2 protein chains.
Amino acid sequence: MGRKKEISIKLTPQRLVIMEYLEGNMNHPSAADIYNAVSKKYPTMSFATVYNTLETLWEKGRLRELTIDRGKMRFDSNTKPHHHLICVQCKNITDIHRKFALKLPEGEQYNFDIIGIHVDFYGICPKCKKEKNNNVEVKKW
Amino acid sequence: MGRKKEISIKLTPQRLVIMEYLEGNMNHPSAADIYNAVSKKYPTMSFATVYNTLETLWEKGRLRELTIDRGKMRFDSNTKPHHHLICVQCKNITDIHRKFALKLPEGEQYNFDIIGIHVDFYGICPKCKKEKNNNVEVKKW
DNA sequence: TCTAAAGTAAGAATAGTTATTAATTAAAAT
DNA sequence: ATTTTAATTAATAACTATTCTTACTTTAGA
């Protein structure tokens, strides 16, 4: 009935809570973000289950993994092809749903089977621009 | 005299060995790759020194950090603006020096100060295409 | 209802990176 | 050239994110 049925994974309470949290979430949360949020609703939730569920959803193509932060995965429940605008200071990520016409150059070495293209725009977001001392760490991106 | 002098960091034997290894290196090595390679020439090299040097070079704008692999940094000594073509299977990274004309959509939420744009093409490289069982892990990217 | 397969929770293990500290060294200042 | 001092190194401990292990539990289907 519900949209959730469409994906062929066993529906457990834990998975439903996680999927509910992710659905329409535009914050590109980390595994810890997800764990912290869902354990409020489901206090016995374990970190392993968060990771297991993320892995499963991703295998089913329901999730994109983002490697934006140094050493910390972030997850994007928006699986429509889109690009990202990343604030190098606060690490917030904004979705960009424009389509860019990008073609690889010709050449032997580029003879890949392309399966995806991601454009990352890096910059300082309006909020961080306003704050003082905002250039202390700007070089770090 | 040499090009190395231009950057304003103390020149130590350790740093020179690391810089020499990185110069013109197109392999986008990880910290471990670098450590393994340079400790052959300089056996007392410590991992901490590799990380310290990478940090310093990056602060001086002499290095780009790539977050391609899950949980492992890779480093790019080519600081000219360029893009990447990534094999989702063997994780090799090919540089693309074409320039793409990319503009952010109009809109309040996109009012960033843009400081960089990176395009990542994902695909299967020619070498991996030839190999058998090459779709075992293809979904994992 | 029973069974087999799959999922969960807790915590141990691992990998990559960062932090700490005492000893060493490079570059600047005599 | 020697001294000074401030930065760098090496060893290793600590930390963080993620994966693995295991015993127990639950789900879905026969």
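In this text, all values refer to a predicted model and were calculated from it rather than measured experimentally. Per chain, numbering begins at 1; letters A, B, ... match sequence-line order.
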Whether each nucleotide of nucleotides 12-26 of chain D has a protein heavy atom under 4.0 Å at its base (B), only at its sugar-phosphate (S) or at neither (-) is summarised, 5' to 3', as B----SBBB------
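Side chains of A:N92 and A:H28: no donor on one and acceptor on the other come within 3.5 Å.
The side chain of B:Q14 places no N or O atom within less than 4.0 Å of a non-bridging phosphate oxygen (OP1 or OP2) of C:dT25.
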Using the side chain to side chain contact (heavy atoms under 4.5 Å, CB included) rule, take B:H84 and B:T94 through it: C-alpha gap first, then chi angles, then the decisive distance, then the call.
-> CA-CA 6 Å; B:H84 288 127; B:T94 308; over 6 Å; no
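One interatomic measurement links the two molecules: CD1 of B:I34 to P of C:dT17, which rounds to 10 Å at whole-angstrom precision. One can place CE of A:M45 at 6 Å from P of C:dA9, the figure rounded to the nearest angstrom. The CZ atom of B:R15 sits 6 Å away from the C1' atom of D:dT8 (whole-angstrom rounding). Note: CG (B:L54) to C1' (C:dA19) measures 17 Å, nearest angstrom. In this entry the distance linking OH of A:Y35 with P of C:dT8 reads 14 Å, nearest Å.
Residues meeting the ring pair (Phe, Tyr, Trp, His ring centres under 6.0 Å) test with B:H83, sequence neighbours left out: B:F100. Qualifying side chain to side chain contact (heavy atoms under 4.5 Å, CB included) partners for A:L54, counting only residues two or more places apart in sequence or in other chains: A:L22, A:A31, A:I34, A:V50, A:L63, A:F75. Residues passing the side chain to side chain contact (heavy atoms under 4.5 Å, CB included) test with B:T67, sequence neighbours excluded: A:T67, B:M73.
The C1' atoms of five pairs define one axis at each end of the helix from C:dT1-D:dA30 to C:dT30-D:dA1, and these two axes lie 30° apart (to 10°).
B:Y42 comes within contact range of the sugar-phosphate backbone alone, with a heavy-atom separation under 4.0 Å but no base atom that close.
At distances below 3.5 Å, not a single donor-acceptor pair connects side-chain atoms of A:N27 with backbone N or O atoms of A:P29.
The six-membered or imidazole ring of B:H118 lies away from that of A:H118, with a centre-to-centre distance of 6.0 Å or more.
Within the structure, salt bridge (Lys or Arg N to Asp or Glu O under 4.0 Å) pairs that include any residue of residues 36-50 of chain B comprise B:E20-B:K41 (at least two apart or interchain).
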